[in-house]
Undergrad: 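Okay, here's the structure, questions in a sec.
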Amino acid sequence: MGEELRAVLFDLDGTLIHSLPDLVAAVNRMLAGEGRGPLESEAVKAMVGDGADALVERAFAAAGGLPGPDVAPFLDGFLADYEPRSAETTVPWPGVVETLAVLKNQGLALAVCTNKPSKATAEVLASLDLGRFFDVVVGADDAPALKPDPAHVLVILDRLGVTAAQAVMVGDSHNDVLAARRAGVRSVVLSFGYAHGPVAELGADAVIDHFGDLPEVLRRV
C-alpha cells in the first residue's frame, strides 16, 4: 500500500444499513396514493442508488407512468412521507456497529458518502445511533453532484483534510466504485448489498462477504 490510510468513506443504503423494506413501503404508499398497484421488493431494489428523484421516476415508470408532466410534486410527496419514517424497519447490517467502533479506535476518520437525501440520512443515522461514528456526512443535498460523479467523494476528502491516496471508499454498487476511481480513491465493496449485477464485475480493489472482515481488508487494499 502507498500512503498510510487515514479515512474511510461509506455509502449508506445497502452498505451500512439494510433500508430496502422502508424504501419499498414508502414507494408503495406513494403508488397507492395515485391508484397504482404495489411493486415487489426486488423491483424496488433495482431502482435504488441513484437518488430519490430517480427512484420516484423509476417506480412510476414500472407502474404505468408518471401521473403528471413533472416529477417534482411526486418527489416532494415521497420525501415528506419517507423522511420521518425512514428508520421504521431499517437496521445496520450485522457487524456494522462493532466494525465502525474498531475503525474509530484505530484513529481513522470516517465519513458517509450517500446519494440518499440529507434529511433522511440524518434521520436514519440518529435513529440507529450511527451518527456518533462519523466526522463528515455528505448526503444528496450536500454534494455538488451525486455519485458516480467524483465531486461527491472529493468534497469529503477536502472536508476531512486527506488526500485520495489516504482514503478508501466502502460501498455496494457501481456508483460507489466509479466515484471512488474517478476521485483516485481505492474501493471495497460488499457482496451482500444492493448491487445491480455481479459484484465481482464492479471493479473494486476488494470484495468482502461480512462487514467484520473490513478492518483486515483495509490493511491490504
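The chain is numbered in sequence order, starting from 1.
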Undergrad: So do the side chains of Arg85 and Asp22 get within less than 4.5 Å of each other, counting heavy atoms only?
TA: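 SC-SC contact between Arg85 and Asp22 ruled out.
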Undergrad: Which pair of heavy atoms, one from Ala145 and one from Ala151, lies closest together, and at what distance?
TA: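 Scanning both residues, the minimum pair turns out to be CB-CB, 4.3 Å.
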Undergrad: Would you indicate whether the side-chain heavy atoms of Thr121 and Leu12 approach each other to under 4.5 Å?
TA: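 Side chain of Leu12 against side chain of Thr121, heavy atoms only: contact under 4.5 Å found.
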Undergrad: How far does CZ of Phe134 sit from CG of Leu100, to the nearest 0.5 angstrom?
TA: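 Between atom CZ of Phe134 and atom CG of Leu100 there are 4.5 Å.
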Undergrad: In the hydrophobic clustering (ILVMFWY, side-chain contacts below 4.5 Å, transitive), which residues join Val102, or is it alone?
TA: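 Under the 4.5 Å side-chain rule, Val102 groups with nothing.
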Undergrad: Give, for atom CE of Met30 and atom CG of Leu75, the distance between the pair rounded to the nearest 0.5 Å.
TA: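 Taking CE in Met30 and CG in Leu75, the distance rounds to 9.0 Å.
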Undergrad: According to a hydrophobic-cluster definition based on side-chain heavy atoms being under 4.5 Å apart (Ile, Leu, Val, Met, Phe, Trp, Tyr only), do Leu5 and Ile208 belong together?
TA: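 Yes; tracing contacts between hydrophobic side chains, which count when under 4.5 Å, links both residues.
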Undergrad: Do side-chain atoms of Arg186 reach the backbone of Val221 as a donor and acceptor pair under 3.5 angstrom?
TA: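 Yes, Arg186 side chain to Val221 backbone: donor-acceptor pair under 3.5 Å.
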Undergrad: Between Lys104 and Asp135, does any side-chain N to carboxylate O distance fall below 4.0 Å?
TA: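 Between Asp135 and Lys104 there is a salt bridge, with a charged N closer than 4.0 Å to a carboxylate O.
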Undergrad: Taking the side chain as every heavy atom from C-beta outward, state whether Phe60 and Pro67 have any pair of such atoms under 4.5 Å apart.
TA: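 Yes. Closest side-chain heavy atoms under 4.5 Å.
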Undergrad: Test of understanding: clusters of I, L, V, M, F, W, Y form through side-chain heavy atoms closer than 4.5 Å, transitively. Do Val207 and Val217 belong to the same one?
TA: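 Different clusters: Val207 never reaches Val217 through Ile, Leu, Val, Met, Phe, Trp or Tyr contacts under 4.5 Å.
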Undergrad: Can a donor-acceptor pair be found, under 3.5 Å and without considering hydrogens, that links the side chain of His152 to the backbone of Ala140?
TA: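 Flag not set: sc His152 to bb Ala140 has no pair under 3.5 Å.
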Undergrad: Answer yes when Asp141 and Lys119 have at least one side-chain N-carboxylate O distance shorter than 4.0 Å, and no when they do not.
TA: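 The answer is no: the pair does not qualify as a salt bridge.
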Undergrad: Please list all pairs meeting ring-ring contact (aromatic ring centres under 6.0 Å, His included) that have one or both residues in residues 76-109, counting only residues at least two apart or in different chains.
TA: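 Those involving residues 76-109 are His18-Trp93, Phe78-Tyr82, Trp93-Phe192.
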Undergrad: Report yes if the side chains of Met47 and Leu39 come closer than 4.5 Å at any heavy-atom pair, otherwise no.
TA: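 Yes. Closest side-chain heavy atoms under 4.5 Å.
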Undergrad: Mind checking who shares a hydrophobic cluster with Ile156, ILVMFWY linked at side-chain heavy-atom distances under 4.5 Å?
TA: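 So far as hydrophobic clustering goes, Ile156 is joined with Leu9, Val136, Val138, Val153, Leu154, Val155, Leu157, Leu160, Val162, Met169, Val185.
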Undergrad: Please answer: with hydrophobic residues joined when any side-chain heavy atoms are less than 4.5 Å apart, are Val177 and Leu16 in the same cluster?
TA: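 Different clusters.
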Undergrad: Using only atom types and a distance under 3.5 Å, with no angle test, would you say the side chain of His174 pairs donor to acceptor with the backbone of Gly197?
TA: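 Checked: no pair found.
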Undergrad: Using side-chain heavy atoms (C-beta onward) and a distance below 4.5 Å, is Arg182 in contact with Pro148?
TA: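 SC-SC contact between Arg182 and Pro148 confirmed.
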Undergrad: To the nearest 0.5 Å, tell me how far Glu4 CD sits from Leu108 CG.
TA: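 Going from the CD atom of Glu4 to the CG atom of Leu108 covers 8.5 Å.
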Undergrad: Within the structure provided, determine whether Val199 and Leu190 are in side-chain contact (heavy-atom separation under 4.5 Å).
TA: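 Side-chain contact under 4.5 Å: no.
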Undergrad: Quick test of your reading of the model: are Lys116 and Asp13 salt-bridged, counting only N-O distances below 4.0 Å?
TA: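 A salt bridge is present here (some side-chain N lies under 4.0 Å from a carboxylate O).
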Undergrad: With a 4.5 Å heavy-atom cut-off, do Leu20 and Ser41 have their side chains touching?
TA: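 They are in side-chain contact.
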Undergrad: What pair of heavy atoms forms the shortest contact from Asn28 to Pro38, and how long is it?
TA: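 Result for this residue pair: OD1-CA, 3.2 Å.
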Undergrad: Nearest 0.5 Å, please: how far is CG in Leu31 from CZ in Arg29?
TA: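 With rounding to 0.5 Å, CZ (Arg29) is 11.0 Å from CG (Leu31).
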Undergrad: With no hydrogens and no angle check, is any side-chain donor or acceptor of Arg36 less than 3.5 Å from a backbone partner on Gly65?
TA: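 Yes, because the side chain of Arg36 sits within donor-acceptor range (under 3.5 Å) of the backbone of Gly65.
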Undergrad: Less than 4.5 Å apart, any side-chain heavy atom of Val124 and any of Ser86?
TA: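 Val124 reaches Ser86 side chain to side chain.
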Undergrad: Can you tell me how far OG1 of Thr163 sits from CD of Glu3, rounded to the nearest 0.5 angstrom?
TA: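 Between Glu3 CD and Thr163 OG1, I get 4.0 Å after rounding to 0.5 Å.
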Undergrad: For Glu42, enumerate each residue passing the salt bridge (charged side-chain N to carboxylate O under 4.0 Å, His left out) test, keeping only those at least two apart in sequence or located in another chain.
TA: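 Partners of Glu42 by the salt bridge (charged side-chain N to carboxylate O under 4.0 Å, His left out) criterion come out as none, since no residue qualifies.
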Undergrad: Looking only at heavy atoms, what is the nearest atom pair of His210 and Gly95, with distance?
TA: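 Looks like CE1-CA, 4.2 Å.
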Undergrad: Quick one: closest heavy-atom pair of Ile17 and Tyr194, and the distance?
TA: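 Looking at all heavy atoms of both residues, the shortest contact is O-OH, 4.0 Å.
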Undergrad: How long is the straight-line distance from CG of Leu110 back to CZ of Phe133, given to the nearest 0.5 Å?
TA: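 Going from the CZ atom of Phe133 to the CG atom of Leu110 covers 8.5 Å.
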Undergrad: Any side-chain to backbone donor/acceptor pair from Asn115 onto Leu146? Under 3.5 Å, distance only.
TA: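 Checking the backbone N and O of Leu146 against the side chain of Asn115, no donor-acceptor pair under 3.5 Å is found.
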Undergrad: Is the backbone of Asp213 close enough, under 3.5 Å, to the side chain of Glu216 for a donor and an acceptor to pair up by distance?
TA: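 Judged by distance alone, no pair lies under 3.5 Å.
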Undergrad: Shortest non-hydrogen contact from Ser118 to Asp142?
TA: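 Of all heavy-atom pairs spanning Ser118 and Asp142, the closest is OG-OD2, 2.9 Å.
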Undergrad: Looking only at side-chain N and O atoms, does Asp176 offer a donor or acceptor that is under 3.5 Å from a partner on Ser173?
TA: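 The answer is yes; a qualifying pair exists.
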Undergrad: Taking atom types as modelled, find out whether Asn175 and Asp50 have a side-chain donor-acceptor pair closer than 3.5 angstrom.
TA: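 There is such a pair (donor and acceptor under 3.5 Å, judged by atom type) between the side chains of Asn175 and Asp50.
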Undergrad: Sequence neighbours left out, what passes salt bridge (charged side-chain N to carboxylate O under 4.0 Å, His left out) with Asp11? Give chain and number order.
TA: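 Asp11: salt bridge (charged side-chain N to carboxylate O under 4.0 Å, His left out) contacts with Lys147.
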Undergrad: Looking only at heavy atoms, what is the nearest atom pair of Pro117 and Leu79, with distance?
TA: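 What the structure gives for the nearest pair is CG-CD2, 3.6 Å.
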Undergrad: Among Ile, Leu, Val, Met, Phe, Trp and Tyr joined by side-chain contacts under 4.5 Å, find the other residues sharing a cluster with Val91 and list them by chain and number.
TA: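 Hydrophobic cluster check, Val91: no partners found.
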Undergrad: Under a 4.5 Å side-chain heavy-atom rule over Ile, Leu, Val, Met, Phe, Trp and Tyr, are Leu202 and Leu178 clustered together?
TA: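 No, separate clusters.
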Undergrad: Any side-chain to backbone donor/acceptor pair from Arg132 onto Asp129? Under 3.5 Å, distance only.
TA: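 Side chain of Arg132 to backbone of Asp129, a donor-acceptor pair under 3.5 Å: yes, one is there.
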Undergrad: When clusters are formed by joining ILVMFWY residues with side-chain heavy atoms under 4.5 Å apart, either directly or through shared neighbours, do Val170 and Val189 land in the same one?
TA: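 No, it is not one cluster - the side chains of Val170 and Val189 are not joined through contacts under 4.5 Å.
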Undergrad: Check whether more than 12 heavy atoms from other residues, nucleotides or ligands sit under 6.0 Å from atom CD of Glu40, and answer yes or no.
TA: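 Result for CD/Glu40: open.
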